[in-house]
Amino acid sequence: MASTVQGLAYKAFGLQIFSEFPLPELPLTDEPGLIGSVAVIRGDLAERWQAIPKVTPSLGMLGSEVMFEAKDTAIFSIQDGIRITVSPAAGADMDCVRLYILGSCMGVLLMQKKILPLHGSALVLDNKAYALVGRSGAGKSTLASYLMDQGHLLVSDDVIPVMVQEGQPLAVPGYPQQKLWQQSLDYMGMNSSLYRPLFERETKFAVPVHDRFQTEPLPLAGVFELAVSEEEGPVTVQPINGMERFHTLFNHTYQKAIVDRIGIREWHFGMLASFVNRLPMYRLTRPKQGFSAPQQTSLIFETIKPQMEER
Amino acid sequence: MNTADVLSLQTVLVKRPGNIASDMDGEKVMLNVKNGKYYNLGEVGGEIWSALDEPVSINRIVQVIQETFDVPAETAEQDVFEFVQSLLAEDLVAIDSGS
């Protein structure tokens with residue numbers, strides 16, 4: 001693998017990533033990843049993109065290869081869980097290309113490697129990883145940022161690779177960066193002019209968090225689904241029980257639509273079944289208005305206290 | 001259709017396609033791909049579901065359950081009928097009309 005790619009090797013998502021494209025937000029590494037190595041190469045995909053059977057106008061699939069097109073940006077191919085080929089469009093914004101490599105491409109690649117990519121943020125609380133999942137706008141990043149401010153380390157932002165080892169889910173670190181909305185920065189009292197905006201999201205900012213990053217995998221000890229209530233009132237927490245847990249984890253699988261399209265539904269269901277019974281899950285509901293992170297945080301710690309005391 | 005009226009020990013059942021079953025700590029859980037619903041069949045239900053891998057009579061399922069869990073025929077029969085009713089209600093199995 002190393003010999004096929006000229007370029008630096010980076011560490012993210014439990015992978016050693018040999019990339020022809022600079023990925024400055026990732027730390028460098030000489031070591032093979034826990035999940036393996038992957039090559040990110042530049043190549044002309046125009047012909048193959050024409051030929052590959054389409055699942056949707058922008059998504060193609062053939063055997064163990066998944067291809068997709070981001071208009072005016074690039075065509076991407078993810079193959080066998082080991083290779084990402086990128087064909088940038090003329091004049092493409094390379095920041096944007098990189099976002100696709102580190103987001104959508106990695107999500108597909110992890111699934112090809114039979115690793116569950118959860119969509120959310122994970123943090124270290126009491127030496128274990130806890131995942132915060134929820135819809136866009138539910139407040140995942142804001143709460144993650146607040147928890148980090150309180151001294152808790154970030155495991156991953158956006159895509160959390162989850163491996164299962166002996167029936168125990170393990171959260172694998174992503175890379176040391178957080179994406180925050182302007183509103184979140186305001187709440188946190190951060191000055192957004194210090195951070196560079198993410199592509200086409202002028203009010204969303206990339207915040208490096210090298211000093212507050214968990215570098216090694218940790219057992220995933222719980223999942224909090226963040227929800228928003230239209231009504232005013234305090235932050236509340238309820239356990240998610242029974243088969244609804246499957247639904248919750250499926251819903252918050254990164255690019256869940258692809259699970260059926262690439263024919264891995266059976267694997268996905270089986271891997272959830274292998275640990276879902278032993279993973280506590282809660283729904284944490286906050287009122288729509290106002291900054292709830294402190295109340296959410298105290299409720300989270302109240303909820304996991306019995307688990308903490310068992311240790 | 002009132003399934004309670006038509007079910008007998010001789011009734012042959014077939015699985016509807018499109019269900020994915022998996023083991024969860026000894027219990028059988030299932031996903032119906034069509035309606036997107038998740039089911040916990042439990043331990044006994046899981047055995048019944050496995051017995052349905054091929055079209056099979058209720059009588060045969062009762063025998064399997066009776067042997068597997070070492071219970072009286074009456075108990076097995078009651079459990080199987082009850083469970084099969086739920087499977088029919090959820091449209092997870094169908095009565096084999098060809099039998």
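What's counted below: heavy atoms across the whole structure, side chains too, no hydrogens, waters or symmetry copies. Every chain is numbered from 1, with letters handed out A, B, ... down the list of sequences.
Identified by a heavy-atom distance below 4.5 Å to chain B, the contributing residues of residues 239-257 of chain A are A:M243, A:F246, A:H247, A:F250, in residue-number order.
Taking the salt bridge (Lys or Arg N to Asp or Glu O under 4.0 Å) definition, one finds that B:E90 meets it with B:K37, sequence neighbours left out.
Heavy-atom minimum distance, A:A273 versus B:V29: CB-CG2, 3.9 Å.
In B:D53, the CG atom is crowded: over 12 heavy atoms of neighbouring residues, nucleotides or ligands sit closer than 6.0 Å. Within 6.0 Å of NZ on A:K305 lie no more than 12 heavy atoms contributed by other residues, nucleotides or ligands. The 12-atom threshold is not exceeded at CZ of A:R135, counting heavy atoms of other residues, nucleotides or ligands nearer than 6.0 Å. Taking a 6.0 Å sphere around CD of A:Q238, one finds it holds more than 12 heavy atoms contributed by other residues, nucleotides or ligands.
The distance from atom CG of A:N277 to atom CD of B:E27, rounded to the nearest 0.5 Å, is 7.0 Å. In this structure, CG on B:L31 lies 9.5 Å from CD on A:E266, to the nearest 0.5 angstrom.
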